[in-house]
Amino acid sequence: MRIGMGYDVHRLTAGRRLVLGGVEIPHMLGLLGHSDADVLVHAIMDAMLGAAALGDIGKLFPDTDPAYEGISSMKLLAEVGERIAAEGYSVGNIDATVIAQEPKVSPYIDRMRENIAKALGISPSQVSVKATTEEGLGFTGAKEGMAAQAVCLLEEA
(Lines give C-alpha, C1' and ligand atoms only; values in the text may rest on other atoms or scores of the structure.)
Protein backbone atom coordinates (compact mmCIF):
# COMPACT_ATOMS: atom_id res chain seq x y z
CA MET A 1 0.00 0.00 0.00
CA ARG A 2 1.09 3.52 -0.73
CA ILE A 3 -0.45 6.79 0.42
CA GLY A 4 -0.25 10.15 -1.34
CA MET A 5 -1.37 13.63 -0.43
CA GLY A 6 -2.39 16.43 -2.78
CA TYR A 7 -3.17 20.11 -2.37
CA ASP A 8 -4.19 22.71 -4.92
CA VAL A 9 -5.42 26.29 -4.95
CA HIS A 10 -6.84 28.56 -7.64
CA ARG A 11 -7.91 32.19 -7.66
CA LEU A 12 -11.57 33.05 -8.26
CA THR A 13 -12.13 35.41 -11.18
CA ALA A 14 -14.89 36.75 -13.42
CA GLY A 15 -15.36 35.36 -16.90
CA ARG A 16 -14.53 31.73 -16.05
CA ARG A 17 -16.68 28.67 -15.41
CA LEU A 18 -16.61 27.09 -11.96
CA VAL A 19 -15.86 23.39 -12.38
CA LEU A 20 -15.38 21.09 -9.40
CA GLY A 21 -15.15 17.33 -9.72
CA GLY A 22 -16.15 17.64 -13.35
CA VAL A 23 -19.41 19.39 -12.41
CA GLU A 24 -20.10 22.91 -13.66
CA ILE A 25 -21.52 24.84 -10.72
CA PRO A 26 -23.52 28.02 -11.33
CA HIS A 27 -21.61 30.91 -9.78
CA MET A 28 -20.66 34.47 -10.71
CA LEU A 29 -16.94 33.60 -10.51
CA GLY A 30 -14.85 30.73 -11.81
CA LEU A 31 -11.38 29.42 -11.11
CA LEU A 32 -8.39 30.85 -12.95
CA GLY A 33 -5.98 28.38 -14.51
CA HIS A 34 -4.44 27.02 -17.71
CA SER A 35 -6.88 24.07 -17.82
CA ASP A 36 -10.45 24.22 -16.53
CA ALA A 37 -8.81 24.82 -13.10
CA ASP A 38 -10.78 22.06 -11.34
CA VAL A 39 -9.06 22.48 -7.98
CA LEU A 40 -10.63 19.31 -6.56
CA VAL A 41 -9.47 17.05 -9.38
CA HIS A 42 -6.02 18.67 -9.36
CA ALA A 43 -5.57 17.82 -5.67
CA ILE A 44 -6.74 14.25 -6.31
CA MET A 45 -4.33 13.80 -9.21
CA ASP A 46 -1.42 15.06 -7.12
CA ALA A 47 -2.37 12.66 -4.31
CA MET A 48 -2.42 9.75 -6.76
CA LEU A 49 0.85 10.75 -8.41
CA GLY A 50 2.48 11.28 -5.03
CA ALA A 51 1.46 7.84 -3.82
CA ALA A 52 3.09 6.29 -6.89
CA ALA A 53 6.12 8.65 -6.71
CA LEU A 54 5.42 9.88 -10.25
CA GLY A 55 5.83 13.61 -9.62
CA ASP A 56 2.95 16.04 -9.86
CA ILE A 57 0.52 17.49 -12.39
CA GLY A 58 2.84 20.39 -13.16
CA LYS A 59 5.45 17.89 -14.31
CA LEU A 60 3.04 15.78 -16.38
CA PHE A 61 0.79 18.55 -17.72
CA PRO A 62 2.82 21.80 -17.67
CA ASP A 63 0.91 25.07 -17.93
CA THR A 64 3.40 26.15 -20.57
CA ASP A 65 2.11 23.48 -22.97
CA PRO A 66 -0.69 24.80 -25.21
CA ALA A 67 -2.05 21.25 -25.55
CA TYR A 68 -3.47 21.57 -22.03
CA GLU A 69 -5.00 25.04 -22.38
CA GLY A 70 -8.66 24.84 -21.37
CA ILE A 71 -8.55 21.02 -21.17
CA SER A 72 -10.99 19.17 -18.95
CA SER A 73 -9.29 18.03 -15.77
CA MET A 74 -11.41 14.88 -15.98
CA LYS A 75 -9.45 13.89 -19.11
CA LEU A 76 -6.22 14.49 -17.25
CA LEU A 77 -7.52 12.43 -14.30
CA ALA A 78 -8.25 9.50 -16.60
CA GLU A 79 -4.69 9.74 -17.94
CA VAL A 80 -3.28 9.77 -14.40
CA GLY A 81 -5.39 6.68 -13.66
CA GLU A 82 -3.87 4.93 -16.68
CA ARG A 83 -0.34 5.85 -15.56
CA ILE A 84 -1.06 4.54 -12.06
CA ALA A 85 -2.34 1.26 -13.51
CA ALA A 86 0.73 0.99 -15.76
CA GLU A 87 2.88 1.18 -12.61
CA GLY A 88 0.98 -1.79 -11.16
CA TYR A 89 -1.33 0.04 -8.75
CA SER A 90 -5.06 0.38 -8.29
CA VAL A 91 -6.92 3.00 -6.27
CA GLY A 92 -7.99 1.75 -2.84
CA ASN A 93 -9.77 4.96 -1.95
CA ILE A 94 -9.67 8.73 -2.29
CA ASP A 95 -10.68 11.22 0.39
CA ALA A 96 -10.87 14.88 -0.66
CA THR A 97 -12.03 18.18 0.79
CA VAL A 98 -12.96 21.37 -1.08
CA ILE A 99 -12.26 24.54 0.90
CA ALA A 100 -14.44 27.45 -0.20
CA GLN A 101 -16.58 30.11 1.43
CA GLU A 102 -19.07 29.95 -1.42
CA PRO A 103 -20.90 28.63 -3.31
CA LYS A 104 -22.28 25.72 -1.33
CA VAL A 105 -21.05 22.60 -3.10
CA SER A 106 -22.88 19.93 -1.09
CA PRO A 107 -25.72 19.63 -3.65
CA TYR A 108 -23.13 18.56 -6.27
CA ILE A 109 -21.01 16.13 -4.25
CA ASP A 110 -22.68 12.92 -5.41
CA ARG A 111 -22.17 13.91 -9.07
CA MET A 112 -18.54 14.79 -8.33
CA ARG A 113 -17.96 11.39 -6.75
CA GLU A 114 -19.56 9.65 -9.72
CA ASN A 115 -17.49 11.65 -12.23
CA ILE A 116 -14.22 10.97 -10.43
CA ALA A 117 -15.01 7.27 -10.04
CA LYS A 118 -16.00 6.94 -13.70
CA ALA A 119 -12.78 8.61 -14.90
CA LEU A 120 -10.75 6.17 -12.82
CA GLY A 121 -12.84 3.06 -13.44
CA ILE A 122 -13.60 2.58 -9.74
CA SER A 123 -16.75 2.58 -7.61
CA PRO A 124 -18.13 5.85 -6.22
CA SER A 125 -17.92 4.13 -2.82
CA GLN A 126 -14.13 4.48 -3.14
CA VAL A 127 -14.36 8.27 -3.50
CA SER A 128 -15.17 10.63 -0.64
CA VAL A 129 -15.68 14.34 -1.32
CA LYS A 130 -16.40 16.82 1.45
CA ALA A 131 -16.62 20.60 1.61
CA THR A 132 -15.84 23.12 4.30
CA THR A 133 -15.44 26.86 4.76
CA GLU A 134 -12.75 28.65 6.71
CA GLU A 135 -15.26 30.73 8.64
CA GLY A 136 -14.37 33.88 6.70
CA LEU A 137 -10.63 33.55 7.35
CA GLY A 138 -7.79 33.54 4.81
CA PHE A 139 -8.03 33.83 1.04
CA THR A 140 -10.80 31.23 0.78
CA GLY A 141 -12.79 32.92 3.53
CA ALA A 142 -12.36 36.26 1.76
CA LYS A 143 -13.78 34.61 -1.41
CA GLU A 144 -10.55 35.25 -3.33
CA GLY A 145 -9.99 31.61 -4.22
CA MET A 146 -10.68 27.96 -3.53
CA ALA A 147 -8.45 25.18 -2.29
CA ALA A 148 -8.68 21.41 -2.11
CA GLN A 149 -6.84 18.69 -0.22
CA ALA A 150 -6.85 14.99 -1.04
CA VAL A 151 -5.33 11.75 0.10
CA CYS A 152 -5.21 8.57 -1.95
CA LEU A 153 -4.47 5.00 -1.00
CA LEU A 154 -2.96 2.92 -3.79
CA GLU A 155 -2.82 -0.86 -3.63
CA GLU A 156 -0.65 -3.18 -5.68
CA ALA A 157 -2.81 -4.52 -8.49
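Being a predicted model, the structure only gives us computed values, none of them experimental. Any value given below was found using the heavy atoms of this structure, including those in side chains, with hydrogens, waters and symmetry copies removed.
- Side-chain contact between Leu32 and Leu12 is absent, with no heavy-atom pair separated by less than 4.5 Å.
- Thr64 contributes atom OG1, which lies 11.5 Å from atom CD of Glu69 (distance to the nearest 0.5 angstrom).
- Connection of Leu60 to Val39 is established within a shared hydrophobic cluster, with ILVMFWY side chains joined at heavy-atom distances below 4.5 Å, either directly or through further cluster members.
- In this structure, the separation between CD on Glu144 and NE2 on His10 is 16.0 Å, given to the nearest 0.5 Å.
- Between the side chains of Thr140 and Glu134, at least one donor-acceptor pair of N or O atoms lies under 3.5 Å.
- For NZ of Lys130, the number of neighbouring non-hydrogen atoms (other residues, nucleotides, ligands) closer than 6.0 Å is greater than 12.
- In this structure, Asp46 contributes its side chain and Ile57 its backbone to a donor-acceptor pair below 3.5 Å.
- Side-chain contact between Ile25 and Pro103: present, with at least one pair of heavy atoms (C-beta onward) separated by less than 4.5 Å.
- In plain terms, the two heavy atoms of Ala47 and Gly6 that are nearest each other are CB-N, 3.5 Å.
- Smallest separation of non-hydrogen atoms from Cys152 and Met48: SG-CG, 3.7 Å.
- In terms of heavy-atom proximity, Ala43 sits nearest to Ala148 at CB-O, 3.5 Å.
- With hydrogens and angles disregarded, a donor-acceptor distance shorter than 3.5 Å links the side chain of His34 to the backbone of Asp65.
- The ring-ring contact (aromatic ring centres under 6.0 Å, His included) contacts involving residues 63-120 comprise Phe61-Tyr68, where partners must be two or more places apart or lie in separate chains.
- The hydrophobic cluster containing Leu20 does not contain Tyr7, counting ILVMFWY residues as joined when their side-chain heavy atoms lie under 4.5 angstrom apart, directly or transitively.
- Side-chain contact between Leu31 and Val19: absent, with no pair of heavy atoms (C-beta onward) separated by less than 4.5 Å.
- Under a 4.0 Å N-O distance rule, the pair Asp56/Lys59 does not qualify as a salt bridge.
- Side-chain atoms of Gln126 come within 3.5 Å of backbone atoms of Val91 as a donor-acceptor pair (strictly under, hydrogens ignored).
- Side chain of Arg16 to backbone of Gly33: a donor-acceptor contact under 3.5 angstrom is found.
- Screening Asp8, Leu77, Val80 for a side chain to side chain contact (heavy atoms under 4.5 Å, CB included) involving Ile44 leaves a single residue, Leu77.
- Of the possible donor and acceptor atoms, none in the side chain of Gln101 sits under 3.5 Å from a partner among the backbone N and O of Lys143.
- Listed here is the closest heavy atom pair of Leu154 and Ala51: CD1-CB, 3.5 Å.
- Between Glu79 and Arg83, at least one side-chain N (NZ, or NE/NH1/NH2) sits under 4.0 Å from a carboxylate O, which counts as a salt bridge.
- Here Lys75 contributes atom NZ and Asp36 contributes atom CG; the two are 10.0 Å apart, rounded to the nearest 0.5 Å.
- Between Ala131 and Val105, the shortest heavy-atom contact is CB-CG2, 3.1 Å.
- Neither Ile99 nor Val9 shares a network with the other; the hydrophobic side chains, linked directly or stepwise wherever heavy atoms of I, L, V, M, F, W or Y lie under 4.5 Å apart, form separate groups for each.
- When atom types are taken as modelled, the side chain of Asn115 and the backbone of Gly21 share a donor-acceptor pair closer than 3.5 angstrom.
- Two different hydrophobic clusters hold Val151 and Ile109 under the rule that ILVMFWY side chains link at heavy-atom gaps under 4.5 Å.
- Residues Met146 and Val23 share a single hydrophobic cluster, defined by chaining ILVMFWY side chains whose heavy atoms lie under 4.5 Å apart.
- Within the 4.5 Å cutoff, side-chain heavy atoms of Leu153 are placed close to those of Glu155.
- For the atom pair Ser73 OG and Leu40 CG, the distance stands at 9.5 Å (nearest 0.5 Å).
- Once rounded to the nearest 0.5 Å, the distance linking NE2 of His27 with CZ of Arg17 reads 14.5 Å.
- Between Met74 and Ala119, the closest heavy-atom pair is CE-CB, 3.8 Å.
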Full working for side chain to side chain contact (heavy atoms under 4.5 Å, CB included) between Val127 and Glu114: CA-CA 8 Å; Val127 180; Glu114 290 168 8; over 6 Å; no

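- Atoms CD and CD, from Glu87 and Glu82 in turn, are 13.0 Å apart once rounded to the nearest 0.5 Å.
- Under the 3.5 Å distance criterion, the side-chain polar atoms of Arg11 are left unmatched by any main-chain donor or acceptor of Gly145.
- Between Ser35 and His42, some side-chain heavy-atom pair lies under the 4.5 Å cut-off.
- Between Leu76 and Val41, the closest side-chain pair of non-hydrogen atoms is not below 4.5 Å.
- Contact annotation: the side chain of Glu24 never approaches that of Leu18 to less than 4.5 Å [non-hydrogen atoms, C-beta and beyond].
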Worked verdict on Ser128 versus Asp95 for side-chain hydrogen bond (donor to acceptor under 3.5 Å, both in side chains): CA-CA 5 Å; Ser128 171; Asp95 185 22; 3.1 Å; yes

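- Using a 4.5 Å heavy-atom threshold, the side chains of Leu29 and Thr13 count as separate.
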